[in-house]
Amino acid sequence: DFYKIAAAAGLASAQFNLALCYDHGSGIRKNMRLAAKYYMLAAEQGDAESQCNLGVCYENGTGVEQDSVQAVKWYKLAAAQDDAIVLCNLGEAYYYGDGVKKCYKKAVEYYTKAAELGNGKAFYKLGICYEDGLGVKKNPVKAFECFQKAAEDDYPEAVYYLGSCYYNDRGAEKDLAQAYYWHKKSAELGEITGMNDIAVVDYGVEIPDSERIMWLKKAADLNDDKALYNLALRYLNGYDGIESDEKMAVKLFRKSAKQDHPSAYYALYKCYTNGRGVRKNRQLALKYLLKSAELGYPKARKVLKKLEFGK
């Protein structure tokens with residue numbers, strides 16, 4: 001009630017706090033339309049956090065109609081007050097061309113400003129720019145340093161990339177033990193690519209089958225197409241501590257294929273051709289083969305060419 005009274009009296013801090021309550025459903029029913037309304041009232045008075053959150057509302061279309069141009073407008077106003085999150089969001093806008101003309105150089109400028117204020121995501125995105133030469137000269141060592149900084153902030157993608165730098169001798173001397181350490185840490189932070197790598201990559205260290213399968217199942221539970229496919233292979237052929245279960249394999253291949261994983265479609269072609277986990281069905285087998293080939297899977301294209309030649 002205090003926030004409502006103070007907000008009605010025009011107090012920007014109260015308007016912001018009331019907006020947060022509506023935004024998160026804290027002590028009041030969640031209402032993004034009212035959240036955006038109060039963010040707007042405080043933002044118009046120059047409150048940087050409200051300007052930032054209002055920008056997010058416009059970017060995602062929550063409580064207001066989605067409008068990338070308006071999002072950038074409010075981000076810029078907040079950025080003028082050196083808000084690290086806003087500066088990073090502006091970098092994203094220029095990186096993807098969302099609400100503004102795509103410009104990697106501008107993106108790097110804003111990422112740099114946000115990174116100087118300690119923003120982990122900004123360090124990560126700077127690392128990507130240095131690694132790929134986007135808006136800056138390609139510099140693997142600089143990319144590695146940026147990933148290190150972002151990893152200190154436990155930014156999951158950066159933690160994974162740091163491990164990949166060690167694994168691929170990119171910006172740092174090859175060190176498989178370090179690669180394993182950082183990939184595993186990224187998996188623990190919820191990074192799906194890290195989960196997949198721990199499950200299948202050879203790090204030169206002994207990883208128990210139980211640990212590999214645990215991470216593979218975690219990624220599969222998150223509906224990751226690669227994890228679903230790799231888990232299906234293990235059920236199909238029975239290895240890495242998993243007993244053969246062809247019906248389960250087909251089920252997992254289907255889930256992976258729904259996300260247009262070309263290898264999964266090819267695996268389904270083989271299953272329906274050979275009757276593994278399902279009854280043989282040439283019509284369905286051909287359907288899956290065609291889809292796999294359409295998605296560019298080399299083995300499927302090779303088989304399809306042989307079938308056409310055989311005709």
query = With side chains defined as the heavy atoms from C-beta onward, is the minimum distance between I213 and R234 less than 4.5 Å?
reply = yes
Verify same cluster id: Y266, L295 (apolar side-chain graph, 4.5 Å) = yes
query = How about M40 and Q15: do any of their side-chain heavy atoms sit closer than 4.5 Å?
reply = no
task = Can you see which heavy atom on A267 is nearest to which on Y229, and at what distance?
result = CB-CE1, 4.3 Å
inquiry  = Using the salt bridge (charged side-chain N to carboxylate O under 4.0 Å, His left out) criterion, which residues pair with R254? Sequence neighbours excluded.
reply    = none
Minimum-distance pair of heavy atoms, taken over all atoms of A93 and V100 = O-CG2, 3.5 Å
ask   = So if you build clusters from Ile, Leu, Val, Met, Phe, Trp, Tyr with side-chain heavy-atom gaps below 4.5 Å, do M195 and L216 land together?
value = no
message = Apply side chain to side chain contact (heavy atoms under 4.5 Å, CB included) to residues R276 and K270 and explain how you reach the verdict.
response = CA-CA 8 Å; R276 299 192 67 182; K270 298 282 283 184; over 6 Å; no
query = Are any non-hydrogen side-chain atoms of Y110 and Y94 less than 4.5 angstrom apart?
reply = yes
query = Which residue pairs satisfy the side chain to side chain donor-acceptor pair (under 3.5 Å) criterion with at least one member in residues 135-154, sequence neighbours excluded?
reply = D154-K185
ask   = Can we say R212 and D240 salt-bridge, meaning some charged N sits less than 4.0 Å from an Asp/Glu carboxylate O?
value = no
ask   = Do E157 and T193 touch side chain to side chain, with heavy atoms closer than 4.5 Å?
value = no
message = I want to check something: taking the side chain as every heavy atom from C-beta on, are Y269 and S292 in contact at a cut-off of under 4.5 Å?
response = no
ask   = Around K30, counting heavy atoms of other residues, nucleotides and ligands shown, do more than 12 lie under 6.0 Å from its NZ?
value = yes
request  = Please report the closest heavy-atom contact between G55 and A71, naming both atoms and the distance.
outcome  = O-CB, 3.3 Å
Nearest non-hydrogen partners of A36 and C57, listed with the distance = CB-SG, 4.4 Å
key: N196 side chain to D224 side chain, donor-acceptor N/O pair below 3.5 angstrom   = yes
query = Hey, any chance F253 and L290 share a hydrophobic cluster, counting ILVMFWY side chains that come within less than 4.5 Å of each other, even indirectly?
reply = yes
key: Partners meeting salt bridge (charged side-chain N to carboxylate O under 4.0 Å, His left out) with D175 (sequence neighbours left out)   = none
ask   = Should Y239 and D209 count as side-chain neighbours, where that means a heavy-atom distance under 4.5 Å?
value = no
query = N223 and L228: which non-hydrogen atoms are nearest, and at how many Å?
reply = OD1-CD1, 3.5 Å
request  = Taking the six-membered ring for Trp and the full ring for Phe, Tyr or His, determine whether the centres of Y203 and H183 are under 6.0 Å apart.
outcome  = yes
key: same_hphob_cluster(V86, L20) at 4.5 Å side-chain heavy-atom cutoff   = no
CG on L87 to SG on C52, rounded to 0.5 Å = 9.5 Å
message = Please check this pair: side chain of Q45 against backbone of L11, looking for a donor-acceptor N/O pair closer than 3.5 Å.
response = no
message = Hydrogens and angles aside, do Q66 and S68 bring a side-chain donor and acceptor to less than 3.5 Å of each other?
response = yes
ask   = Is there a donor-acceptor pair under 3.5 Å between the side chain of R33 and the backbone N or O of G63?
value = no
request  = Give a yes or no on whether I85 atom CD1 has more than 12 heavy-atom contacts from other residues, nucleotides or ligands under 6.0 Å away.
outcome  = no
task = Apply the test side chain to side chain contact (heavy atoms under 4.5 Å, CB included) to residues E109 and K106: give CA-CA distance (whole Å), side-chain angles for both, the deciding distance (0.1 Å), then the verdict.
result = CA-CA 5 Å; E109 179 186 327; K106 270 280 187 186; 3.8 Å; yes
ask   = Regarding Q51 and E44, is there a side-chain donor-to-acceptor distance under 3.5 Å anywhere?
value = no
task = Check for a donor-acceptor pair, side chain of N119 on one end and backbone N or O of A115 on the other, with a separation under 3.5 Å.
result = no
request  = Show the numbers, then the answer: is there a side chain to side chain contact (heavy atoms under 4.5 Å, CB included) between L231 and K255?
outcome  = CA-CA 11 Å; L231 190 58; K255 284 186 176 181; over 6 Å; no
Atom of G194, atom of A187 and distance for their closest heavy-atom approach = C-CB, 3.9 Å
request  = State whether K113 and E116 are salt-bridged, where the test is any N-O pair (Lys NZ or Arg NE/NH1/NH2 against Asp/Glu carboxylate O) under 4.0 Å.
outcome  = no
ask   = More than 12 non-hydrogen atoms from neighbouring residues, nucleotides or ligands closer than 6.0 Å to NZ on K174, yes or no?
value = yes
message = My understanding is that only residues two or more places apart in sequence, or in another chain, count here; which of them pass salt bridge (charged side-chain N to carboxylate O under 4.0 Å, His left out) with D225?
response = none
side-chain hydrogen bond (donor to acceptor under 3.5 Å, both in side chains) evaluation trace for Y75 with E59 = CA-CA 10 Å; Y75 285 151; E59 184 177 355; 2.5 Å; yes
message = Would you compute the distance between atom CG of L233 and atom CG of L252 and round it to the nearest 0.5 angstrom?
response = 10.0 Å
ask   = Applying the 4.5 Å side-chain criterion to the ILVMFWY set and letting contacts propagate, would M248 and V278 be lumped into a single cluster?
value = no
key: Residue pair Y288, Y272: steps toward the ring-ring contact (aromatic ring centres under 6.0 Å, His included) verdict   = CA-CA 9 Å; Y288 289 127; Y272 277 99; 5.6 Å; yes
ask   = Are the side chains of I242 and N237 in touch, meaning some heavy atoms are under 4.5 Å apart?
value = no
ask   = From N281 CG over to T273 OG1, what is the distance, rounded to the nearest 0.5 angstrom?
value = 9.5 Å
key: Separation of L34 CG from D23 CG (nearest 0.5 Å)   = 11.5 Å
ask   = Does a salt bridge link K184 with E211, judged by any charged N lying under 4.0 Å from a carboxylate O?
value = yes
ask   = To the nearest 0.5 Å, how far apart are CG in D197 and CD1 in I192?
value = 12.0 Å
ask   = Taking the hydrophobic residues Ile, Leu, Val, Met, Phe, Trp and Tyr, and joining any pair whose side-chain heavy atoms are under 4.5 Å apart, which ones share a cluster with Y95?
value = Y96, Y104, V108, Y111, Y124, L126, I128, Y130, L134, V136, F144, F147, Y155, V159, Y160, Y161, L162, Y166, Y181, W182, L189
key: Any donor-acceptor pair under 3.5 Å from D47 side chain to A43 backbone   = no
task = State the SG-CD distance between C165 and E173, to the nearest 0.5 angstrom.
result = 13.5 Å
ask   = Are the side chains of F16 and Y38 in touch, meaning some heavy atoms are under 4.5 Å apart?
value = no
inquiry  = For a side chain to side chain contact (heavy atoms under 4.5 Å, CB included) check, start with the C-alpha distance between Y39 and V56, then their side-chain angles and the critical distance, and finish with the verdict.
reply    = CA-CA 11 Å; Y39 281 140; V56 172; over 6 Å; no
remark   = For E131, the salt bridge (charged side-chain N to carboxylate O under 4.0 Å, His left out) test, sequence neighbours excluded, returns R170
